[in-house]
Amino acid sequence: MPELPEVETIRRGLGPLVTGRRILGVEVRDKRLREPIRPEQLRRLRGAEVEGIRRRSKYLLIDTSARLTLLVHLGMTGQLWVADRGRPRRAHEHVVIQLDDGRDLRFADTRRFGLLRVLRSDRIDLDPRIMGLGPEPLDPALDGAALFRATRGRRKPIKNFLLDTRSIAGVGNIYACEALHRSRIHPKRPVGRIGEEAWGRLLGELRGVLNEAIAAGGTTLRDFLNAEGEVGYFAFSLRIYDRERKPCGRCAATVRRIVQAGRSTFYCPRCQR
DNA sequence: CGGTGGACCTGCTGGC
DNA sequence: TGCCAGCAGGTCCACC
């Protein structure tokens with residue numbers, strides 16, 4: 001489900017709903033995630049006040065006054081939202097965090113690829129999951145020249161590079177395909193054969209599509225819902241993703257699907273070189 | 001260095 | 001109608 005724009009959409013929606021709220025209790029109904037939830041860890045949040053929510057790559061970081069941070073990853077089908085206490089449970093609702101305003105912060109995850117962990121706030125940057133992440137694409141300090149320098153002599157296909165969170169954080173399958181299509185770059189082009197100017201344009205197109213998706217509230221193809229349980233509308237603006245055998249919106253050639261790194265890549269064989 | 005394939009899970013779709 | 005292969009927005013690992 002969620003790539004950078006979807007996680008950012010949740011962060012923005014959740015912020016005003018939970019910041020300043022005190023955590024009254026934590027209920028773990030099902031701890032079977034890929035890495036099992038540790039209820040005794042989550043219960044340490046009881047009594048703490050939520051101070052704010054940050055995002056790093058596709059992770060949400062919920063900081064509390066107990067100097068503990070709740071680290072959340074939504075995997076493929078994770079959902080995190082606020083609901084009035086007493087609202088019926090959603091399917092696969094695994095965790096309920098009771099807030100002091102009569103509402104709950106709830107976590108559901110059909111496929112259980114998500115992650116929920118409590119970390120010491122002062123040690124987050126030492127967590128191996130966070131430590132290994134590459135630069136944020138929307139960070140103004142990042143530029144095409146840096147990406148150009150980082151990729152000299154490397155032969156990794158650009159699509160695989162974009163999907164690797166150690167190179168650039170937060171880009172997933174949808175936005176990697178869309179950014180390459182907008183940049184007219186073939187998904188198999190080795191990163192070492194992309195010039196400095198082209199890196200600048202690619203980064204610009206990547207930022208463009210990410211920002212437009214955030215403005216539209218994210219992409220809902222199947223499960224994505226924001227912090228208030230609503231869908232996002234960027235699916236209507238996708239130009240290449242999931243359009244196999246349909247015409248390319250720019251040149252009318254037929255969109256192709258190939259597999260790279262075990263994932264579907266959609267591209268236009270005419271305008272992406 | 002880089003690629004593939006599989007693992008982890010559940011649910012939906014499309015073809016027969 | 002029913003079954004089943006294939007696929008899904010993410011990571012992580014073993015192996016070539």
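Reminder, nothing fancy here: chain letters follow the sequence lines and each chain counts from 1. Nothing here was measured: the structure is a model prediction, and the numbers come from that model.
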Who pairs with B:dG6 - Watson-Crick or G-U, where each distance is under 3.5 Å: C:dC12
Interatomic distance at P, B:dG5 relative to C:dA8, whole Å: 14 Å
Between C1' of C:dT11 and CG of A:Leu74, the distance in whole Å: 13 Å
Nearest-Å distance once atom P is located in both C:dC7 and B:dT4: 15 Å
Nearest-neighbour nucleotide for the A:Met76 side chain, C:dG9, B:dT10, B:dG2 considered: C:dG9
Short side-chain N/O contact from A:His73 to OP1 or OP2 of C:dT11, under 4.0 Å: yes
Atom-pair distance (CZ on A:Phe161; C1' on B:dC1), nearest Å: 14 Å
Side-chain-base donor-acceptor pair under 3.5 Å for A:Arg111 and B:dC9: yes
Proximal nucleotide (of B:dT10, C:dG9, C:dT11) relative to the A:Thr110 side chain: B:dT10
Test: A:Glu244 and A:Arg256 ion pair at under 4.0 Å: no
OP1 or OP2 of B:dC9 under 4.0 Å from side-chain N/O of A:His92: no
Residue among A:Leu61, A:Leu70, A:Asp127, A:Leu68 satisfying side chain to side chain contact (heavy atoms under 4.5 Å, CB included) with A:Leu119: A:Asp127
Lys/Arg N to Asp/Glu carboxylate O, A:Glu40 vs A:Arg44, below 4.0 Å: no
Touch class at under 4.0 angstrom, heavy-atom based, for A:Tyr241 against every strand present: sugar-phosphate
Phosphate-side-chain proximity, A:Arg263 and C:dG9, N/O vs OP1/OP2 below 4.0 Å: yes
Spacing between A:Glu3 atom CD and C:dG10 atom C1', to the nearest angstrom: 9 Å
Aromatic stack A:Phe113/B:dC8: centroid gap under 5.5 Å, interplanar angle under 30°: yes
salt_bridge(A:Glu178, A:Arg239) N-O dist < 4.0 Å: no
Euclidean distance for P, B:dG6 against C:dA5 (whole angstrom): 15 Å
Distance-only donor-acceptor test, A:Arg34 side-chain atoms vs B:dA7 base atoms, 3.5 Å: no
Nucleotide B:dG2, atom C1' - distance to CG of A:Leu163 in whole Å: 14 Å
A:Ile53 vs A:Asp63, side-chain contact (heavy atoms from CB on, under 4.5 Å): CA-CA, chis, key distance, verdict: CA-CA 6 Å; A:Ile53 308 190; A:Asp63 296 310; over 6 Å; no
Sugar-phosphate, base or nothing in reach of A:Gly262, heavy atoms under 4.0 Å: nothing
For atom OH of A:Tyr59 and atom P of C:dG9, their distance in whole Å: 18 Å
Rounded P spacing from C:dT1 to B:dG11 in Å: 22 Å
Listed nucleotide nearest any side-chain atom of A:Arg112, set C:dG10, B:dC9, C:dA8: B:dC9
Stacked cation flag A:Arg90 on A:Trp81, 6.0 angstrom / 45 deg: yes
Touch class at under 4.0 angstrom, heavy-atom based, for A:Arg129 against every strand present: sugar-phosphate
Separation of C:dG9 C1' from A:Asp242 CG (nearest whole Å): 11 Å
Closest nucleotide among C:dC7, C:dG9, C:dC12 to the A:Arg257 side chain: C:dC7
A:Phe148 six-ring centre to A:Arg152 NZ/CZ under 6.0 Å and within 45° of normal: yes
Touch class at under 4.0 angstrom, heavy-atom based, for A:Asp109 against every strand present: nothing
Phosphate OP1/OP2 of C:dG10: any A:Thr165 side-chain N/O under 4.0 Å: no
Contact under 4.0 Å: A:Lys58 side-chain N or O vs C:dG10 OP1/OP2: yes
Integer-rounded Å distance: C:dC7 P and A:Arg243 CZ: 20 Å
Nearest-angstrom distance from the residue atom CG of A:Asn160 to P of B:dG2: 10 Å
